[in-house]
Engineer: 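One structure is given below, represented as structure tokens, and several questions about it will come after.
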Amino acid sequence: MERIFNFNAGPATMPLVVLEEAQSELLNFKGTGMSIMENSHRTKEYEAINSEAEALVKELLDVPENYRVLFLQGGASTQFAAVPLNLVSAESHADYILTGAWAEKAYKEAAKFVKTNVAASTKDENFNRIPRIDEIKVSDGPAYVHLCSNNTIFGTQWQSFPDLGDVSLVADMSSDIMSRRFDVSKFALIYAGAQKNLGPAGVTVVIVRKDLLEGIPSTIPTMLRYDIHAKNDSLYNTPPSFSVYMVNLVLRWLKNNGGLAAAEKRNAEKAALIYNTIDSSEGFYRGHAVKDSRSLMNITFRLPSEELEKKFAAEATAKGMIGLKGHRSVGGLRASIYNAMSLEGCMALAEFMKAFQSNNG
Ligand SMILES: *Cc1c(COP(=O)(O)O)cnc(C)c1O
């Protein structure tokens, strides 16, 4: 069977070697006579996976000693509530930077529970860029400033993280975690749903500074409490064990392929193939994101008409490139090219774009 090039935004394409490895041990995991998904999460086999995955997150991202790595459930969307409930007291408040639909959802969810403030927003420009540092107005003493590192729907990405002085940064990194290097110590907390860059849906990685685990209110739901999950090494209740197992295989794959320095290089090369095609199309393809805010993970672009956009998606599908239809809030097309999308996939798309333009331009 032929594998297709899957440009879906999430759940997204997985490294083929990881799928093959999972397949090879699906029926009999390391001589246990059963699949890892049939195994108890209290066995030494599962505990080894849980701790290897934690160690690999720390190693790949160079996470400092004073942080914990947790594997939780409920997707990034659950973190929209968990973050303010854990970190903002009744006397305090939180700031949000609005750069897209997910950042806005995080903000609206937090506003249900705690006092909030919008520190910056590019909504008036249909989120086509990341705000400049002078546009960010941090309020007086927020518990944290929340940002979304990569805006999956709009195709923008923070090129570097803002230095806002003595405030805690919290980031939703669901769609670009492990795609590049960055300084974890700039953040109080980072969270990411796995289904874009880390593996299948079902598990959310949370990286939290240890001092924040003190003083979490005992009145919030147990399953949302970071201190409870940390104390139990992410084994407070039944974890999404198969998802964590898959994430562990993906992290091993990343490590075996040169870690984040190499991933970053591959991702820049892949994205350049497509952005260069857009930029040299003399206006046939128009990128949604302003150039200095372009995402290396999600490339959003328009064609001269909606008919051509439909035709483009249909012809691409016929050529084995799926998932290119853009989100309705931006329209047009979106190519999601996470870590697991190959250079070959991006070359095929760039070639197709050129051919489509010469047939329809
Ligand atoms: C996909 C996505 C989410 C939502 O994740 P769920 O796991 O479906 O809750 C949140 N934030 C960003 C940046 C995303 O890309």
Side-chain angles (χ1 to χ4, degrees), residues 6-14 70-85 94 96-112 121-123 127-131 144-159 161 169-180 182 187 189-207 223-224 229 234 239-240 242-244 246-247 250 267 271 288-289 293-300 323 325-330 334-341:
N6 175 2
F7 292 95
N8 274 325
T13 190
M14 294 273 294
L70 308 174
F71 298 110
L72 308 181
Q73 297 192 62
S77 300
T78 296
Q79 296 308 310
F80 296 167
V83 166
L85 285 171
Y96 281 75
I97 300 178
L98 308 188
T99 51
W102 293 116
E104 223 180 3
K105 278 196 172 159
Y107 162 67
K108 286 185 180 154
E109 187 75 353
K112 288 181 175 181
S121 171
T122 52
K123 191 174 183 157
F127 297 125
N128 67 353
R129 65 181 182 90
I130 299 296
Y144 58 79
V145 178
H146 179 283
L147 61 82
C148 181
S149 57
N150 181 73
N151 300 284
T152 323
I153 292 174
F154 294 90
T156 64
Q157 186 176 27
W158 291 83
Q159 313 294 303
F161 294 113
L169 282 179
V170 168
D172 175 358
M173 297 199 182
S174 294
S175 55
D176 70 350
I177 193 161
M178 300 283 173
S179 70
R180 58 177 174 176
F182 66 93
F187 295 87
L189 188 147
I190 292 161
Y191 61 93
Q195 69 271 25
K196 278 106 185 191
N197 246 330
L198 292 176
V203 60
T204 306
V205 175
V206 171
I207 303 170
M223 279 298 290
L224 298 186
H229 290 295
S234 307
F242 192 72
S243 296
V244 175
M246 292 299 294
V247 166
V250 170
N267 288 330
H288 175 73
S293 295
R294 281 175 164 176
S295 167
L296 298 188
M297 298 279 100
N298 310 95
I299 301 181
T300 46
K325 191 178 177 318
H327 190 275
R328 61 190 178 282
S329 52
V330 187
R334 168 175 57 175
S336 296
I337 54 167
Y338 302 118
N339 281 344
M341 172 52 69

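Numbering of ligands and ligand atoms starts at 1, following listing order.
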Engineer: Which heavy atom of the protein is the closest neighbour of atom 9 (O) of ligand 1, given with residue, atom name and distance?
Structural biologist: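 Heavy-atom neighbour on the protein nearest atom 9 (O) of ligand 1: Ser77 OG, 2.6 Å.
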
Engineer: Among protein heavy atoms, which sits nearest to atom 5 (O) of ligand 1, and what does the distance come to when rounded to 0.1 Å?
Structural biologist: Ala76 CB, 3.6 Å

Engineer: Under a 4.0 Å heavy-atom limit, does Cys148 contact ligand 1 with its side chain, its backbone, both, or neither?
Structural biologist: side chain

Engineer: Minimum distance, heavy atoms only, to atom 2 (C) of ligand 1: which one of Lys105, Lys196, Gln73 is it?
Structural biologist: Lys196

Engineer: Find the distance between CZ (Phe154) and CZ (Phe127) and round it off to the nearest 0.5 Å.
Structural biologist: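 Taking CZ in Phe154 and CZ in Phe127, the distance rounds to 6.0 Å.
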
Engineer: Give me the nearest non-hydrogen protein atom to atom 11 (N) of ligand 1 as residue plus atom name, then the distance to 0.1 Å.
Structural biologist: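 Going by distance alone, atom 11 (N) of ligand 1 is nearest to Asp172 OD2, 2.6 Å.
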
Engineer: When you measure from the heavy atoms of Gly10 to every atom of ligand 1, does any distance fall below 4.0 Å?
Structural biologist: no

Engineer: Purely on distance, is any nitrogen or oxygen of Gly74 under 3.5 Å from one on ligand 1?
Structural biologist: no

Engineer: State if Gln79 counts as touching ligand 1 under the rule of any non-hydrogen atom under 4.0 Å.
Structural biologist: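 Under 4.0 Å: no for Gln79.
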
Engineer: For ligand 1, does Gln195 get within less than 4.0 Å through its side chain, its backbone, both, or neither, judged by non-hydrogen atoms?
Structural biologist: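 Side chain only; the backbone of Gln195 stays clear of ligand 1.
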
Engineer: Is there a donor-acceptor contact under 3.5 Å linking the side chains of Ser179 and Asn197?
Structural biologist: no

Engineer: Parallel, tilted or perpendicular: which describes the rings of Tyr107 and Tyr96, with under 30° parallel and over 60° perpendicular?
Structural biologist: tilted

Engineer: With heavy atoms under 4.0 Å as the rule, classify the contact between Phe80 and ligand 1 as side chain, backbone, both or neither.
Structural biologist: side chain

Engineer: Does a donor on one side chain sit under 3.5 Å from an acceptor on the other, for Thr156 and Asn151?
Structural biologist: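 A pair is found: one side chain offers a donor N or O, the other an acceptor, under 3.5 Å apart.
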
Engineer: Do side-chain atoms of Gln79 reach the backbone of Gly74 as a donor and acceptor pair under 3.5 angstrom?
Structural biologist: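 Side chain of Gln79 to backbone of Gly74, a donor-acceptor pair under 3.5 Å: no, none is there.
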
Engineer: Give me the nearest non-hydrogen protein atom to atom 15 (O) of ligand 1 as residue plus atom name, then the distance to 0.1 Å.
Structural biologist: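 Checking every protein heavy atom, the shortest distance to atom 15 (O) of ligand 1 gives Thr152 OG1, 2.5 Å.
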
Engineer: If only atom types and distance count, is the side chain of Asn339 paired as donor or acceptor with the main-chain N or O of Met178 below 3.5 Å?
Structural biologist: yes

Engineer: Classify the ring geometry of Tyr191 against His146: parallel below 30°, tilted from 30° to 60°, perpendicular beyond 60°.
Structural biologist: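 The arrangement is tilted - the two ring planes meet at 30° to 60°.
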
Engineer: Going by the order shown, which atoms of ligand 1 are within less than 4.0 Å of some heavy atom of Gly75?
Structural biologist: 7 (O), 9 (O)

Engineer: Between Tyr338 and Met14 (side chain of the first, backbone of the second, donor and acceptor by atom type, cut-off under 3.5 Å), is there such a pair?
Structural biologist: no

